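What follows is a single structure, written as structure tokens, with notes after it.
Nothing here was measured: the structure is a model prediction, and the numbers come from that model. Sequence lines set the chain letters: A, B, ... in the order given, protein chains first and strands last, and positions in each chain run from 1.
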2 protein chains.
Amino acid sequence: MARIRLPSLDSARHMMATGCRELPIACHTPGMDHSDGAGSGPSRPVTIYDVAREAGVATSTASRALSNPGRVSERTRAHVEEVARRLGYRPNRIAQALPSGRTRMLGLVVPDIANPHNARLIRGAEAQAAAAGYTLVIADSQEQPELEAAHVERLAPFVDGFVLSSRVDDAGLHGLRDRRPVVLFNRTLPELPSVCVDFDDSGRQVVEHLTSLGHRTVAYLRGPATSWADATRRAALAAHCRRHGVALTLLGPFPPTLEAGAAAADAALATDATAVIAFNDLLAIGVLQRLEHRGVAVPGALSVVGGDDIFGATFCRPPLTTLASPADQAGRTLVDMLNGRIDATEVVLPAPLVARDSTGPRRS
Amino acid sequence: MARIRLPSLDSARHMMATGCRELPIACHTPGMDHSDGAGSGPSRPVTIYDVAREAGVATSTASRALSNPGRVSERTRAHVEEVARRLGYRPNRIAQALPSGRTRMLGLVVPDIANPHNARLIRGAEAQAAAAGYTLVIADSQEQPELEAAHVERLAPFVDGFVLSSRVDDAGLHGLRDRRPVVLFNRTLPELPSVCVDFDDSGRQVVEHLTSLGHRTVAYLRGPATSWADATRRAALAAHCRRHGVALTLLGPFPPTLEAGAAAADAALATDATAVIAFNDLLAIGVLQRLEHRGVAVPGALSVVGGDDIFGATFCRPPLTTLASPADQAGRTLVDMLNGRIDATEVVLPAPLVARDSTGPRRS
DNA sequence: TTGTAGGCGTTATCAT
DNA sequence: ATGATAACGCCTACAA
């Protein structure tokens with residue numbers, strides 16, 4: 001009950017607590033309230049019945065006055081509204097949702113909430129959801145398709161639709177599709193609306209940037225095998241490399257994390273590539289760290305390109321050449337598509353190259 | 001309807017779309033289904049009535065069999081369960097929540113979802129919530145108390161309780177308190193359970209670290225004026241500086257962002273401090289960038305200390321001396337407190353100093 | 001324009 | 001052990 005000082009607990013230890021699933025939330029203001037005092041402190045939430053009674057109308061009239069004005073006389077509407085305000089009436093959203101089946105909540109699942117790139121997606125989506133009167137529920141699948149599926153499963157009963165930056169396979173998505181409306185980020189699937197970065201054009205920009213610097217052998221450091229974006233990016237790079245007579249080596253897949261950068265860098269150094277393109281900035285920055293550790297000059301000995309221009313890309317060493325992924329706009333657009341404000345099935349957003357200092361003329 | 005290529009839209013332009021709030025979610029599988037076909041494709045979700053009818057028992061029995069086994073014969077339980085599985089029955093969580101008022105959802109509001117520090121808090125909280133069978137709803141208040149209040153307002157009807165990393169004033173929190181159970185991160189308030197970093201001890205560590213390097217004049221770069229953590233950290237630093245005969249200058253408040261680092265660095269350089277302590281790492285890294293830009297050697301001319309050891313603290317230049325804030329453990333503990341698994345009102349977690357290269361001997 | 005009544009899917013309370 | 005029934009709070013035909 002009193003002040004407690006805890007030593008650092010590791011996750012495993014913490015989770016040891018039994019999986020007891022029935023732990024009632026601590027109750028607030030338990031019992032013992034003034035029963036029917038003067039006027040100020042109602043312990044039970046005021047319902048539409050209270051409003052109707054107080055206003056001297058039927059519940060249906062009260063309901064209409066509040067949620068369907070226009071089907072009720074102006075006088076009644078004003079009166080009911082006044083009473084509702086005075087009583088502090090707040091509609092029970094759960095009860096509202098029961099008959100209609102709509103909660104005005106939207107689910108957004110991202111593979112890694114710690115990736116700043118996704119933070120931008122979230123910001124955009126949340127802003128647009130709020131503007132449309134929806135509440136956004138965010139979940140983190142930690143790059144695990146199973147966890148993503150679990151989240152979707154748990155959220156589905158509550159939300160009106162999903163925005164997914166998904167690692168689940170096509171079949172899984174199709175299965176979900178006829179439970180709830182779904183829109184996809186950086187993934188296409190027949191019948192499902194999506195917003196994708198223009199991987200083809202950004203691939204072109206990267207390859208042209210590198211060739212203009214004289215590079216002729218390039219390595220691509222793959223992201224997760226479950227990532228559609230990775231497959232698409234890879235294909236685009238391959239096509240443009242072929243067109244420009246550039247030799248492309250595929251390495252990986254690697255987890256899209258800082259830590260994986262070490263292995264990725266080592267793999268790249270084992271090839272004769274003079275430039276590497278990483279799946280995303282997290283991986284690219286990890287590569288940078290490893291290269292410095294191994295004494296490899298960037299861009300002197302090796303040029304490095306990232307993928308999404310996240311927080312950190314400007315202050316890592318050297319600042320990272322990357323692609324300005326419009327995640328925030330993607331978030332807004334996805335939500336708009338979900339609620340029908342934008343009627344399109346495949347939106348493609350440009351991701352312009354941002355040349356910083358991690359790429360330079362081929363030297364070797 | 002077809003493939004669309006969009007130019008980059010700025011946020012303002014995007015938001016220009018009218019604030020029309022009534023945009024129905026695109027319907028899926030609308031109407032016209034086989035009415036009572038053979039066996040496989042039910043369009044309407046199967047209810048407990050369907051299960052009961054199919055199993056030849058009363059709905060109450062079916063309900064008990066599924067959610068209250070033990071109050072029903074083993075034979076019945078098995079049978080009902082089998083039928084439910086066969087029919088693909090999934091309880092309607094909304095309907096479950098209506099009588100009980102409990103949704104098994106928890107709200108978590110953070111001031112800045114793009115701050116990696118909060119990502120760790122979210123991870124911890126989500127893990128523990130999932131383990132207890134709860135779903136975590138995450139929202140981003142973008143350092144705006146009003147937006148936080150709005151989120152809480154919108155979430156309150158749906159969630160069983162809140163974890164708040166709050167910027168709202170005490171009165172606001174007290175008001176919320178008797179609507180839903182609340183636990184606080186890095187903030188204390190009478191009557192409200194909380195988990196806080198040990199600001200006093202971490203302040204001591206920082207001050208002792210700096211004095212051991214010979215520093216006698218230090219500046220503290222404040223965070224948001226609405227941050228309890230900032231006030232507490234500041235007070236702790238002041239106390240320990242006094243004890244060690246160190247002169248402390250307070251600067252700010254500053255927004256806890258990379259961008260604000262420039263102004264903060266300039267302010268610090270205008271003093272005679274040989275070391276600066278920043279509210280958090282975001283600000284500290286921004287300071288580092290500015291100092292480099294202005295040609296000030298770190299730690300040669302100025303030592304810099306951060307606050308929470310975020311992503312980026314290891315690869316900024318130079319790597320940042322900071323405090324290892326146990327945000328993930330805090331997240332787990334907060335959720336445990338919310339659902340009563342931990343019975344404490346004030347938990348204090350240590351944040352050990354991590355000495356990297358941004359601090360060094362006083363030179364000037 | 002307004003009132004009456006039924007239903008949304010569950011769980012809990014009472015009988016049986 | 002099981003069955004009937006009444007809530008939960010709101011919405012919406014339908015009737016007046």
- Rounded interatomic separation in angstrom, taking CG from A/Leu98 and C1' from C/dG7: 9 Å
- Item | For atom CG of B/Leu66 and atom P of C/dA12, their distance in whole Å | 13 Å
- Query: Would you find a donor on one side and an acceptor on the other, under 3.5 Å apart, between the side chain of A/Glu148 and the backbone of A/Ser166?
  - Reply: no
- Item | NZ/NE/NH1/NH2 to OD/OE distance under 4.0 Å, A/Arg86 and A/Glu82 | yes
- Item | Distance below 4.0 Å between A/Ser63 side-chain N/O and D/dC11 OP1 or OP2 | yes
- Please check if the side chain of A/Asp336 supplies one atom and the backbone of A/Ile342 the other of a donor-acceptor pair under 3.5 Å. no
- Note on the structure: In whole angstroms, the gap separating C1' of C/dT11 from CZ of B/Arg102 amounts to 13 Å
- First locate atom CD1 of A/Ile94, then atom OG of B/Ser100, and finally report the distance between them rounded to the nearest 0.5 Å. 8.5 Å
- Task: Report the distance from atom CG of B/Asn68 to atom P of D/dT2, rounded to the nearest whole Å.
- Result: 13 Å
- Task: Give me the residues of residues 48-61 of chain B where at least one heavy atom lies under 4.0 Å from an atom of DNA chain C, by number, or none.
- Result: B/Ile48, B/Tyr49, B/Ser60
- If each of B/Glu74 and B/Pro99 is mapped to the nucleotide of DNA chain D with the nearest heavy atom, which maps nearer the 5' terminus, i.e. the 5' end? B/Glu74
- Message: Without decimals, in angstroms, what is the distance between B/Arg90 CZ and C/dT10 P?
- Response: 12 Å
- Task: Give a yes/no answer on whether the side chain of B/Thr76 brings an N or O atom under 4.0 Å of OP1 or OP2 in D/dT2.
- Result: yes
- Quickly work out the B/Asn92 CG to D/dG9 P distance and round it to whole Å. 17 Å
- Query: Just how far, in rounded Å, is P of D/dC8 from CD of B/Gln96?
  - Reply: 18 Å
- Cation-pi check, A/Arg180 to A/Phe162: give yes when NZ or CZ is under 6.0 Å from the six-membered ring centre and within 45° of the ring axis, no otherwise. no
- Please report, rounded to the nearest Å, how far the P atom of C/dT11 is from the CZ atom of B/Arg93. 10 Å
- Does A/Arg64 make a side-chain donor-acceptor contact with the base of C/dG3, cut-off 3.5 Å? yes
- Message: Salt bridge or not between A/Asp112 and A/Arg167? Use side-chain N to carboxylate O under 4.0 Å.
- Response: no
- Query: Is any side-chain N or O of B/Ser100 closer than 4.0 Å to OP1 or OP2 of D/dC8?
  - Reply: no
- A/Arg187 and A/Asp170 ion-paired at < 4.0 Å: yes
